[in-house]
Amino acid sequence: MIRSVVQGCGAYLPDRVVTNEELAKKVDTSDEWIRQRTGIRQRYIAAEGEFTSHLAIKASERALEHAGLKAADVDLIVLATATPDETFPATATRVQASLGMTRGAAFDVQAVCAGFVYGVSVADSMLRTGLASTALVIGAETFSRILDWNDRGTCVLFGDGAGAIVLRAEEGKGTAEDRGILGNALHSDGRQHDILYVDGGPSSTRTTGFLRMEGKEVFKHAVVNMAAVVGEVLEKVGLTPADIDWLVPHQANKRIIDGTGRKLGLPPERVVVTVDQHANTSAASIPLALDTAVKDGRISRGDLLLLEGIGGGLAWGASLVRW
Ligand code: ACO
C-alpha cells in the first residue's frame, strides 16, 4: 500500500514582530484583553513588497533542506492560501519557478484556516494514486493585507507566515504502524458563509476586501466541528485518542485549542501551542506549529500526530500522520 511519508518540514516568519503593546498604541485594545481572550502575545507582519510567495519560498527551501531533497526531486506543489500574490496565476507556480522546479504540477488550494489540512489531503490522494511521487505542501499567508485595521474585533487576531512539509510516496504495510498520512477527513458547510468571510473579490467587487467575522459564532462551530472531525478520522484509521502522541492544531485561539485537547483527554504538554508567538496565520499555522515541535525535539520519528483546522466556508478537516 502506498503511503505519503513526511520527509521534512520548514517554516518562515517575516522579520517584523508586532507585540500586543505596540498594537494597543494604534488600536483601542490592550495586551490583557488579547491574551485573556486568545492567548496571543505577538504576530509577525510581512514587509512592504514581501508577498505570500516570498514567505512560501523560504519555508519550502527550509523544508527541502530538512528533507535532504532538491527542488528537482519534487513533482507536485500544493500551496494552501487565502491571500495569493495575484488573482491568477496560482501562487504555487511562483514558488515552482523560484525553486527551479520545471516538471510536475503546482497549484493553490483555498480553504482558509483549514487550507493546510485540505492541501495535505489533496497531495496525499495524488501521491497514493500515482499522479505524483514527491510533493511540497505549503501553507502561506499575508493576512495583514486583508485586515481592517479599524476593526479591533479582528485585526488583533491574525499574522503573516508560512510553513511547508515534503511528502514522498513510499510502500507501506497498510497498518496504523506505517509512517506517513494514515487518514484524512474533510468537511465544509457553505451555509455558514456569513460568519467569516472577506467582503470583496475579483468577481463581486473587483477589490480585495477585508476580513469580516462574527467571533462568537465561529467559536461555537469550531469547538463542535473539531471534536466531530477528530473522532471521525480516528475511527477511519481504527485508532483512539489514547494513541495520539501530539495534537498539532490550527493556531487560532488558545481557548479553542484547549477545548479540543480536553475533549481528546490529552494533557496540555501533548498539545503544540504556538499561537502566542505568531497569532492566527490561517493556512500557515499548522505547519508553523509542526516545525516548531519537530525542530525543538518534541516530535520524533514514529509519533502519531493529529492535525486539525477550521476556517471560513466554513471548511474544516483533520489528518492523522505517523511521523
Ligand atoms: N480589544 C478590546 N476589546 C475588544 C476587542 C479588542 N481587540 N475586540 C472586541 N472587544 C470588546 C467588544 O467590543 C466587546 O465590548 P462590549 O462588551 O462593550 O460590547 C467585548 O470586547 C466582548 O466582545 P466579544 O466579541 O463578545 O468577545 P469574545 O469574548 O467573544 O471574544 C473573540 C472575541 C476572541 C474573537 C472570540 O469570539 C473568539 O476567539 N472567536 C473565535 C474566532 C476565531 O478564532 N477566528 C479566527 C478565524 S477562524 C479560525 O481560525 C477558527
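Remember, it's 1-based here, ligands and their atoms both numbered in the order they're listed.
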So the atoms of ligand 1 within less than 4.0 Å of a heavy atom of L196 turn out to be 47 (C), 48 (S)
Would you kindly specify which portion of A222 sits under 4.0 Å from ligand 1, judged on non-hydrogen atoms: side chain, backbone, both or neither?
-> neither
Does ligand 1 have a heavy atom under 4.0 Å from the side chain of T154, from its backbone, from both, or from neither?
-> neither
Answer whether the closest heavy-atom distance between the side chains of T38 and N280 falls below 4.5 Å.
-> no
To the nearest 0.5 angstrom, please state how far the CG atom of L314 sits from the OH atom of Y197.
-> 13.5 Å
Crowded around R301 CZ? As in, over 12 foreign heavy atoms under 6.0 Å?
-> no
For W246, is the NZ or CZ atom of R270 found under 6.0 angstrom from the centre of its six-membered ring and inside 45 degrees of the ring axis?
-> yes
Look at E61 together with K58 and state whether they make a salt bridge at an N to O cut-off of under 4.0 Å.
-> no
Residue portion contacting ligand 1 (non-hydrogen atoms closer than 4.0 Å) for N253 | side chain
Side chain or backbone of V27 under 4.0 Å from ligand 1, or both, or neither, by non-hydrogen atoms?
-> neither
Just jot down the ligand 1 atoms closer than 4.0 angstrom to any heavy atom of V156, in number order.
-> 7 (N)
Quick note on ligand 1: atoms under 4.0 Å from a heavy atom of V218 include exactly 42 (C), 48 (S)
Show which atoms of ligand 1 fall inside a sub-4.0 Å distance from at least one heavy-atom site of R37.
-> 22 (C), 27 (O), 28 (P), 29 (O), 31 (O), 34 (C)
Which of the ligand 1 atoms, numbered from 1, are nearer than 4.0 Å to a heavy atom of G153 | 8 (N)
Distance-only polar pair, side chains of E141 and T81, donor-acceptor under 3.5 Å = yes
R298 CZ to D296 CG distance, which is reported to the nearest 0.5 Å | 4.0 Å
Does G215 reach ligand 1 with a nitrogen or oxygen that is under 3.5 Å from one of the ligand's nitrogen or oxygen atoms?
-> yes
Ligand 1 to S30 polar contact by distance, N or O atoms, under 3.5 Å = no
Check the surroundings of atom NZ in K295: do more than 12 heavy atoms from other residues, nucleotides or ligands lie under 6.0 Å from it?
-> yes
Proximity to ligand 1 by part of T38, non-hydrogen separation under 4.0 Å = side chain
